[in-house]
Number of protein chains: 2
Amino acid sequence: MDDKTMQPLLQHMLCLDLYAANQAVHRVYKPLLAPLGLTYLQYLVMVGLWERDPLSVSEIGTRLGLESNTLTPMLKRMEAAGLITRRRDPGDERRVNISLTAEGDKMRAAAGEIQRCLMEATGRSEAELLRFQEDLRGLIGNVKRAAEDG
Amino acid sequence: MDDKTMQPLLQHMLCLDLYAANQAVHRVYKPLLAPLGLTYLQYLVMVGLWERDPLSVSEIGTRLGLESNTLTPMLKRMEAAGLITRRRDPGDERRVNISLTAEGDKMRAAAGEIQRCLMEATGRSEAELLRFQEDLRGLIGNVKRAAEDG
DNA sequence: ACATAATATATCGTGCACGATATAATCAGT
DNA sequence: ACTGATTATATCGTGCACGATATATTATGT
């Protein structure tokens with residue numbers, strides 16, 4: 001008989017805060033990435049490749065929670081922009097390996113400062129962020145399990 | 001000289017968890033909203049209207065962090081689906097008032113159960129969710145401020 | 001070796017997001 | 001009353017998201 005259950009209010013909905021958090025993060029990243037000609041999602045792909053190169057489309061997909069229907073067009077745009085190359089894996093012709101170009105690799109130099117800006121934007125210490133991240137990941141795990149089980 | 005600063009890793013990036021949280025929430029809502037013919041964002045508009053009716057386009061925009069470039073097409077789809085009406089405000093012809101149709105108002109009945117499912121999906125108590133929401137809102141406030149100040 | 005299933009990517013259509021811009025209505029200051 | 005600024009919505013183009021589907025390649029079982 002709780003009002004919040006019977007009559008949802010936007011003010012109380014956590015999902016709206018998660019949505020707003022993404023919007024806010026997006027808006028901090030945008031001006032930082034604009035000089036590099038990267039979108040937010042393209043930057044996440046780059047971070048993945050700076051860490052390990054090459055990655056297949058599905059390996060990128062696992063990291064970002066996306067599939068080829070989203071990734072293929074995006075990776076083609078990044079290829080057209082000269083950031084990455086797309087080549088069929090000789091060992092398994094179903095796979096497409098994504099690698100950084102020299103230009104894409106050079107952008108790595110800008111990443112440290114971008115991350116510093118983001119950390120600073122949160123106004124939280126590294127320890128506070130870690131604790132929050134742990135909490136958030138627990139919640140994500142629960143929600144994902146609920147989504148799968150129906 | 002921290003590695004996490006110099007060389008960002010996807011594993012450490014909070015923004016990726018926020019992104020994943022939205023994906024997960026979206027996936028829980030989708031099957032619950034499909035019977036109503038609503039998308040996730042359309043549902044949020046409905047929640048706003050169940051709370052207060054009418055709302056202008058910009059009032060909806062304030063609540064969801066969106067502007068007419070996103071809302072106008074979406075509201076037109078909702079109008080075509082018979083969920084809402086769009087009428088110029090007689091007192092200020094610049095504004096467009098959005099109101100629920102009888103059909104849209106009836107959907108209110110399904111909202112309680114949907115919210116119950118979502119709460120349950122988080123696997124957290126109401127008190128835990130409130131604490132998390134407070135923490136998240138603090139973080140959003142900081143990030144928004146950083147985005148505005150540049 | 002061969003038929004079948006599973007896997008990896010690509011394509012298509014619809015619905016957000018959002019910067020840039022356009023248009024019309026209202027407001028403010030003279 | 002008039003001009004310029006402000007406000008509210010709409011339009012356009014590009015880039016995600018994602019369900020559904022198609023195609024090609026590899027793996028599996030007989």
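Numbered from 1 within each chain, the chains take letters A, B, ... in sequence-line order.
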Taking only N and O in the side chain of B:Arg88, is any of them less than 4.0 Å away from OP1 or OP2 of C:dA24? no
Is any side-chain nitrogen or oxygen of A:Arg94 closer than 4.0 Å to OP1 or OP2 of D:dT23? no
Look at all strands and tell whether B:Thr70 reaches a base, only sugar-phosphate, or nothing, counting heavy atoms closer than 4.0 Å. base
Distance-minimising heavy-atom pair for B:His12 and A:Gln133: O-NE2, 3.3 Å
Applying a 4.0 Å non-hydrogen cut-off, can you work out what A:Leu71 is touching in the nucleic acid: base, sugar-phosphate, or nothing? nothing
Nucleotide nearest A:Arg95 (side chain, heavy atoms from C-beta), chosen from C:dC18, C:dT9, C:dT26: C:dT9
Quick one: B:Glu79 CD to D:dT9 C1', roughly how many Å, whole number? 14 Å
Roughly how far apart are B:Arg131 CZ and A:Asp135 CG, rounded to 0.5 Å? 8.0 Å
Could you please name the option among C:dC16, C:dC18, D:dC18 that lies closest to any side-chain atom of A:Leu66? D:dC18
Base, sugar-phosphate, or nothing: which does B:Asp89 touch, judged by heavy atoms less than 4.0 Å apart? nothing
Ignoring backbone atoms, establish whether A:Tyr40 has a side-chain N or O less than 4.0 Å from OP1 or OP2 of C:dA17. no
Salt-bridged, A:Glu113 to A:Arg116, with N to O below 4.0 Å? yes
For A:Ser58 and for A:His26, locate the closest nucleotide of DNA chain C by heavy-atom distance; then report the residue assigned to the nucleotide nearer the 5' terminus. A:Ser58
Looking for any heavy atom pair under 4.0 Å, which part of the strands does A:Glu67 touch: base, sugar-phosphate only, or nothing? nothing
Whole angstrom value for the distance that separates P of C:dT14 from CG of B:Leu38: 19 Å
Please confirm whether the shortest side-chain N or O distance from B:Ser68 to OP1 or OP2 of D:dT9 is below 4.0 Å. no
Closest to side chain of A:Val96, choosing from C:dT9, D:dA10, C:dC18: C:dT9
Can you tell me if the side-chain N/O atoms of A:Tyr19 get under 4.0 Å from OP1 or OP2 in C:dC16? no
Any side-chain N or O of A:Lys76 under 4.0 Å from OP1/OP2 of C:dT9? no
Could you say whether B:Gly65 or B:Gly91 is positioned toward the 5' end of DNA chain C, judged by the nucleotide with the nearest heavy atom to each? B:Gly65
Rounded distance in Å - CD (B:Glu59) to C1' (D:dT9): 14 Å
Please report, rounded to the nearest Å, how far the P atom of C:dA17 is from the OH atom of A:Tyr29. 19 Å
To the nearest Å, give me how far apart CG (B:Leu83) and P (C:dG15) are. 12 Å
Nucleotide C:dC18, atom C1' - distance to CG of A:Asn22 in whole Å: 15 Å
Can you measure from CG (A:Leu64) to CE (A:Met74) and round to the nearest 0.5 angstrom? 6.5 Å
Measure the distance from CG on A:Leu75 to P on D:dA17 and round it to the nearest whole Å. 13 Å
Does atom CD of B:Glu134 have more than 12 heavy-atom neighbours, drawn from other residues, nucleotides or ligands, at distances under 6.0 Å? no
As a test of reading the structure: which of C:dT9, C:dG19, D:dA10 is closest to the side chain of B:Asn69, going by heavy atoms? C:dG19
Using the six-membered ring wherever Trp is involved, compare the ring planes of A:Trp50 and A:Tyr43 and label them parallel, tilted or perpendicular (cut-offs 30° and 60°). perpendicular
OP1 or OP2 of C:dA8 under 4.0 Å from side-chain N/O of A:Ser56: no
Does C:dA10 have its OP1 or OP2 closer than 4.0 Å to a side-chain nitrogen or oxygen of A:Thr72? yes
How many Å lie between CE on A:Met74 and P on C:dA10, as a whole number? 12 Å
Picking from D:dC18, C:dA10, D:dT9, the nucleotide nearest the side-chain atoms of A:Val57 would be C:dA10
